[in-house]
Amino acid sequence: MSLLTGGTHTPRHYLLVPPEATPNGPLHLGHIGGPFLWSDMIARHLRVRGDLPLVITGSDVYESYVSLRAHAEDSTPGEVAARYGQRIQDDLAAMRIGVDAFIVPDQEPWREQFEQEVAASIERLTARGAVLTRTERVPHCPASDRWVVGGWLQGRCPECGAGIASYFCEECSAHFLPESVVEPRPLLDEGPLTWREISSLFLRLPDRALLDSTLVDLGVADRYRETVARFLERDGLTVRLSAPQTWGVPLPGAEPDVPRALFPYAGIFMFARLAGAVHGRLSGTGVNAFDPDSGVTTLTTLGIDNVIPTLVSIVGTSLLHGDMKPYDRCLINNFYRLAGRKFSTSARHAVWAADIAASPAIGVDTVRYHLAGADLESEASSFETADFLRTANATLADGLGKRIDAAWSRLPEGPPQAPAPAVAELLESLLAEQSAALDGARVSTRRAVAALDRWCADDAVAHAAEDGAHWWLKGLSLLAFPVMPDLAERVWQGLGGAGEPRAATFLARTPAHRDRPAPGFGRVSAADLDACLPDTLRPGADA
């Protein structure tokens with residue numbers, strides 16, 4: 001099959017669902033560098049190839065951290081969710097992360113659709129015997145009448161001993177009941193805790209072997225399957241469906257003085273189903289993407305802190321639903337850190353997406369290229385200032401930028417001659433390498449960048465006869481589009497192409513706009529980057 005002719009490629013539908021961001025603050029590079037950049041790079045490569053991807057995500061408005069932020073800002077959860085939800089959409093746009101629909105579950109037109117999906121899913125799961133009522137011990141603060149759950153609860157992880165907030169551990173990905181937290185304490189000093197027995201809703205999970213075999217089929221790495229196995233061993237094949245909180249989609253409760261709302265990590269199952277329905281409307285297929293015979297490839301991108309919610313609450317629950325396929329792919333990334341430490345919204349240890357995108361000296365393409373070079377599928381990585389400056393200056397400004405400028409100066413007058421067969425063959429092979437890196441059960445953005453780098457370094461192509469400079473630049477735009485979309489579009493359109501780069505129209509012999517300046521990269525100084533760094537990285541800051 002030749003992508004460069006387009007005649008034999010049948011377009012396929014894809015639904016990509018990066019995680020719902022919690023609207024308790026803006027996005028930082030730790031958010032961007034993993035699930036959001038992954039989904040965007042995959043979608044862009046699929047479009048280059050001629051497929052039909054849609055990216056649908058939204059705002060995790062009912063997370064307890066929204067209530068925490070509202071308390072800190074003397075506001076309401078709804079106001080906080082709306083304010084930061086818009087910031088999140090702006091941050092994604094600033095980093096050129098494409099989103100086709102952004103679902104906000106507490107605002108219309110989404111609220112009614114989401115609550116209908118919640119009701120329909122719980123009714124179906126109840127009819128199939130999957131909804132259980134269980135008694136559990138939950139901390140309560142009588143002085144403030146606050147149920148100390150979610151982000152209001154702190155302590156140590158019962159699995160690895162790390163400090164935790166809420167129901168999960170970011171170090172080992174474990175999830176647990178509030179009563180399992182070691183040395184539990186309230187976030188706020190509001191008075192002593194009492195432990196009350198309340199009734200909560202849980203979902204009965206499918207047979208352990210069935211869930212594990214499904215994860216094997218999805219290509220989930222052994223280490224994440226082991227995390228799921230430990231969770232199931234401790235919590236007895238159940239996952240939380242309700243929580244004693246007032247901010248959320250209300251569910252019928254047994255005790256009049258105990259609030260009951262949909263647990264956010266259970267809500268991501270209903271969110272996924274709603275995303276599938278939205279895909280059916282936007283794509284024109286007319287079916288939910290999660291219908292067993294939809295013909296849509298569904299995938300989600302997620303960090304290791306969302307392993308249990310995704311692999312248990314979504315994949316496991318889909319097996320209980322009975323008329324729904326699970327995600328076809330669950331693409332998991334390790335954490336992206338800042339100077340070796342975890343990005344932190346609360347501690348302000350972050351490089352904010354909006355700040356670095358707005359820098360007049362630092363281009364968004366440079367940031368994306370640097371982030372994509374990390375192999376987060378295999379290991380954690382860290383944003384280091386010296387490494388970034390090396391990427392910006394040596395690799396891009398003084399390297400690729402000068403090659404582009406030299407090739408631009410050799411563009412032919414009028415339509416170019418057809419490319420040499422070896423040029424097209426090399427481009428086909430590198431596009432295939434990007435497909436292998438981005439369109440499979442495992443994702444490696446580093447390998448996708450490596451395919452681009454191989455093309456960029458090939459002087460034989462740029463200096464080939466038959467107007468090699470033109471075809472080198474045009475091939476660059478196809479391979480660069482998933483990584484550096486601004487550069488790719490400027491090159492493609494400068495060579496007479498329309499819209500986004502597409503492999504099927506690569507061979508069109510359109511004359512270049514030689515009067516346009518060559519796209520390139522400016523050099524970035526340490527002072528330019530310092531303006532985007534947090535105070536935690538300033539000289540003398542407490543490490």
Side-chain angles (χ1 to χ4, degrees), residues 16-37 39-40 54-118 150-151 166 243 245-250 261-275 277-279 282 300-303 305-306 309-310 343-346 348 350-358:
L16 298 88
V17 187
E20 310 151 68
T22 302
N24 67 328
L27 296 182
H28 51 61
L29 294 191
H31 296 121
I32 298 296
F36 290 112
L37 183 61
S39 66
D40 186 71
L54 290 177
V55 179
I56 299 176
T57 186
S59 192
D60 192 8
V61 296
Y62 294 125
E63 248 291 352
S64 62
Y65 289 103
V66 175
S67 298
L68 284 170
R69 176 63 66 179
H71 177 84
E73 296 184 358
D74 193 23
S75 185
T76 68
E79 291 169 344
V80 166
R83 181 162 60 252
Y84 288 113
Q86 186 58 57
R87 286 281 298 275
I88 287 166
Q89 295 182 68
D90 294 342
D91 291 343
L92 293 173
M95 294 303 299
R96 292 296 307 273
I97 306 296
V99 175
D100 296 287
F102 193 88
I103 297 172
V104 185
D106 71 325
Q107 296 181 14
E108 298 298 352
W110 303 112
R111 179 169 185 161
E112 182 178 2
Q113 297 175 50
F114 181 68
E115 293 185 359
Q116 287 176 348
E117 184 57 59
V118 170
S166 193
Q245 57 189 59
T246 55
W247 173 239
V249 177
L262 178 70
F263 184 51
Y265 292 162
I268 64 174
F269 170 78
M270 293 78 170
F271 184 94
R273 285 194 52 81
L274 178 54
V278 173
H279 177 277
L282 295 181
T300 184
T301 52
L302 62 139
D305 53 332
N306 280 315
T310 301
F343 275 84
S344 174
T345 297
S346 59
R348 314 302 290 177
V351 177
W352 304 111
D355 290 347
I356 202 163

Looking only at non-hydrogen atoms, find the nearest pair between P77 and A70 and report the distance.
-> N-CB, 3.6 Å

Do the non-hydrogen side-chain atoms of Y62 and L262 ever get within less than 4.5 Å of each other?
-> no

Does D40 have any salt bridge (Lys or Arg N to Asp or Glu O under 4.0 Å) partners at least two apart in sequence or in another chain, and if so, which?
-> R44, R368

Mind listing the closest non-hydrogen atom pair of A81 and P23 along with its distance?
-> O-CB, 3.6 Å

Nearest 0.5 Å, what's the CH2-CZ distance between W110 and F271?
-> 8.5 Å

Between CH2 on residue W352 and CG on residue L27, distance to nearest 0.5 Å = 9.0 Å

Closest approach of F36 and P19, non-hydrogen atoms and distance?
-> CZ-O, 3.5 Å

Can you name the nearest heavy-atom pair linking R69 to N24, along with the distance?
-> NE-O, 2.9 Å

Ignoring hydrogens and angles, tell me if any N or O in the side chain of E112 forms a donor-acceptor pair with the backbone of E108 under 3.5 Å.
-> no

State, yes or no, whether a side-chain contact exists between I32 and L92 at a heavy-atom distance under 4.5 Å.
-> yes

May I ask you to test the F114-R273 pair for a side-chain heavy-atom distance under 4.5 Å?
-> no

Are V80 and E73 side-chain neighbours, meaning at least one heavy-atom pair lies under 4.5 Å?
-> yes

How far apart are the C-alpha atoms of S59 and Q107, what are their side-chain angles, what is the distance that settles it, and do they pass the side chain to side chain contact (heavy atoms under 4.5 Å, CB included) test?
-> CA-CA 10 Å; S59 192; Q107 296 181 14; over 6 Å; no

Q89 and V99: side chain to side chain contact (heavy atoms under 4.5 Å, CB included), yes or no, with the steps?
-> CA-CA 9 Å; Q89 295 182 68; V99 175; over 6 Å; no

NE2-OG distance between H28 and S344, expressed to the nearest 0.5 angstrom = 7.5 Å

List in chain and number order the residues that pass side chain to side chain contact (heavy atoms under 4.5 Å, CB included) with T76, two or more places apart in sequence or in another chain; answer none if no residue qualifies.
-> E79

Who are the side chain to side chain contact (heavy atoms under 4.5 Å, CB included) partners of L68, not counting sequence neighbours?
-> Y65, W152, L187

The reported gap from OG1 in T57 to CD1 in I97 (rounded to nearest 0.5 angstrom) is 11.0 Å

At what distance, to the nearest 0.5 angstrom, does OG1 of T22 lie from OH of Y84?
-> 13.0 Å

At their closest point, which heavy atom of V55 faces which heavy atom of P18, and how far apart are they?
-> CG1-CD, 3.8 Å

Contacts of E115 that satisfy salt bridge (Lys or Arg N to Asp or Glu O under 4.0 Å) - sequence neighbours left out | R111

By salt bridge (Lys or Arg N to Asp or Glu O under 4.0 Å), R96 pairs with (sequence neighbours left out) D486, E489

Apply side chain to side chain contact (heavy atoms under 4.5 Å, CB included) to A358 and list each qualifying residue two or more places apart in sequence or on a separate chain.
-> none

Supply the atom-to-atom distance L37 CG to T301 OG1, rounded to the nearest 0.5 angstrom.
-> 9.5 Å

Determine the minimum heavy-atom distance between V278 and I56, stating which atoms define it.
-> CG1-CD1, 3.9 Å

